[in-house]
Amino acid sequence: MKTRNPKYTETGAVEVEIEHPDFGWIPFSYNDPEETALAAEVAAALDPNMIAPFVGPDVETRKAEALRAVDTAHATYLSLLIEHATPEERDTWLVKAEAAQAYLDGTASAAQTALIETEAAGGGRTPDELAQKIIVKDIAFHGHIGQAGALRASGRAALKATATHDALQAALEAFYAEVHAAVDALGGGQS
């Protein structure tokens, strides 16, 4: 059997091209030479010392992957923060926060006052209680947004500063530890 270009994969499998009598050179791979008769025949035709080692992506490629992972973690954190809120509900948060602050400051317009008083009546609260709750949640929400941005920025900076696979892996693990701690502290997001 004729073979060419044998190499190990990341998982330890062997990829090789074999010459097929009808189709010419075709790719073939196996994990264990005893898994099929063809795998055994191919393995017997190969000199184990001639199988190229697995060569993983270079540091810059891994770094680009890690930076994308940081962006994904950032988006996930923000998704947890807004958890069950619909886009329509999220669109009201700024309006409610402004109305609540104006209500508490005594500078609310008639529309802002109506918003706070109507929602408060529907929820069995006083307008002052509702306005306070909205402000507390708004402050917490902004703090979490800031924390998410800080985590993303510090994670990206740490990854960009790495020059080796080991340093890159350590920076990524440190980033994930910080994100997990932040998510645990978040405790289920904004409700």
**Report entry** Donor-acceptor contact below 3.5 Å, side chain Glu35 vs main chain Asp32
**Finding:** yes

**Report entry** Leu159 CG to Glu65 CD distance, which is reported to the nearest 0.5 Å
**Finding:** 11.5 Å

Requested in this report: Taking the side chain as every heavy atom from C-beta outward, state whether Lys2 and Trp25 have any pair of such atoms under 4.5 Å apart.
Outcome: yes

Requested in this report: To the nearest 0.5 Å, tell me how far Tyr30 OH sits from Leu38 CG.
Outcome: 10.0 Å

Requested in this report: Kindly indicate whether the side chain of Glu17, heavy atoms from C-beta on, has any atom under 4.5 Å from the side chain of Thr3.
Outcome: no

Requested in this report: Identify whether Leu67 and Leu78 are in the same connected component of the hydrophobic contact network (ILVMFWY, side-chain heavy atoms under 4.5 Å).
Outcome: yes

Query raised in the report: Going only through I, L, V, M, F, W and Y residues with side-chain contacts under 4.5 Å, is there a path from Ile26 to Phe28?
Result: yes

Query raised in the report: Measuring from Leu81:CG to Ile145:CD1, what's the distance to the nearest 0.5 Å?
Result: 6.0 Å

Query - Heavy-atom pair of closest approach, residues Val95 and Asp91 - result: CG2-O, 4.4 Å

Report summary line: So the side chain to side chain donor-acceptor pair (under 3.5 Å) pairs with at least one residue in residues 145-174 (sequence neighbours excluded) are Asp71-Arg152, Asp71-Arg156, Tyr77-Gln147, Gln169-Glu173

Report summary line: Rounding to 0.5 Å, atoms CZ (Arg62) and CG (Leu172) come to a distance of 10.5 Å

Query raised in the report: Any donor-acceptor pair under 3.5 Å linking the side chain of Glu178 with the backbone of Phe175?
Result: no

Query raised in the report: Could you give the distance from CD (Glu98) to CD1 (Ile135), rounded to the nearest 0.5 Å?
Result: 9.5 Å

Query raised in the report: Any chain of hydrophobic side-chain contacts (each under 4.5 Å) joining Trp93 to Leu130?
Result: no

Requested in this report: Kindly compute the distance separating CG (Asp128) from OH (Tyr103), expressed to the nearest 0.5 Å.
Outcome: 5.0 Å

Query raised in the report: Between His74 and Ala148, which heavy-atom pair has the shortest distance, and what is it?
Result: CD2-O, 3.2 Å

Per-pair distances, 0.1 Å, donor-acceptor, side chain in residues 115-125, under 3.5 Å, sequence neighbours excluded:
{"residue": "Thr118", "atom": "OG1", "partner": "Ala114", "partner atom": "O", "Å": "2.6"}
{"residue": "Glu119", "atom": "OE1", "partner": "Lys96", "partner atom": "NZ", "Å": "3.0"}
{"residue": "Glu119", "atom": "OE2", "partner": "Lys96", "partner atom": "NZ", "Å": "3.3"}

Report task. Evaluate the side-chain proximity of Asn5 to Val16: yes if any heavy-atom separation is below 4.5 Å, no if none is. Result -> no

Report task. Kindly work out whether a path of hydrophobic side-chain contacts (I/L/V/M/F/W/Y, heavy atoms less than 4.5 Å apart) joins Leu104 to Ile134. Result -> no

Query raised in the report: Below 4.5 Å, heavy atoms only, C-beta onward: do Phe141 and Ile82 meet side chain to side chain?
Result: yes

Query raised in the report: Do His142 and Asp138 get their side chains close enough for a donor-acceptor pair, meaning under 3.5 Å?
Result: yes

Report task. Provide the closest heavy-atom pair for Ser29 versus Glu15 in the form atom of the first, atom of the second, distance. Result -> CB-CG, 4.0 Å

Query raised in the report: According to a 4.5 Å side-chain heavy-atom criterion applied to Ile, Leu, Val, Met, Phe, Trp and Tyr, with indirect links allowed, do Phe23 and Ile18 form part of one hydrophobic cluster?
Result: yes

Would you tabulate the side-chain donor-acceptor contacts of residues 41-49 under 3.5 Å, counting partners in other chains and residues two or more places apart, or write 'none'?
{"residue": "Asp47", "atom": "OD1", "partner": "Asn49", "partner atom": "N", "Å": "3.0"}

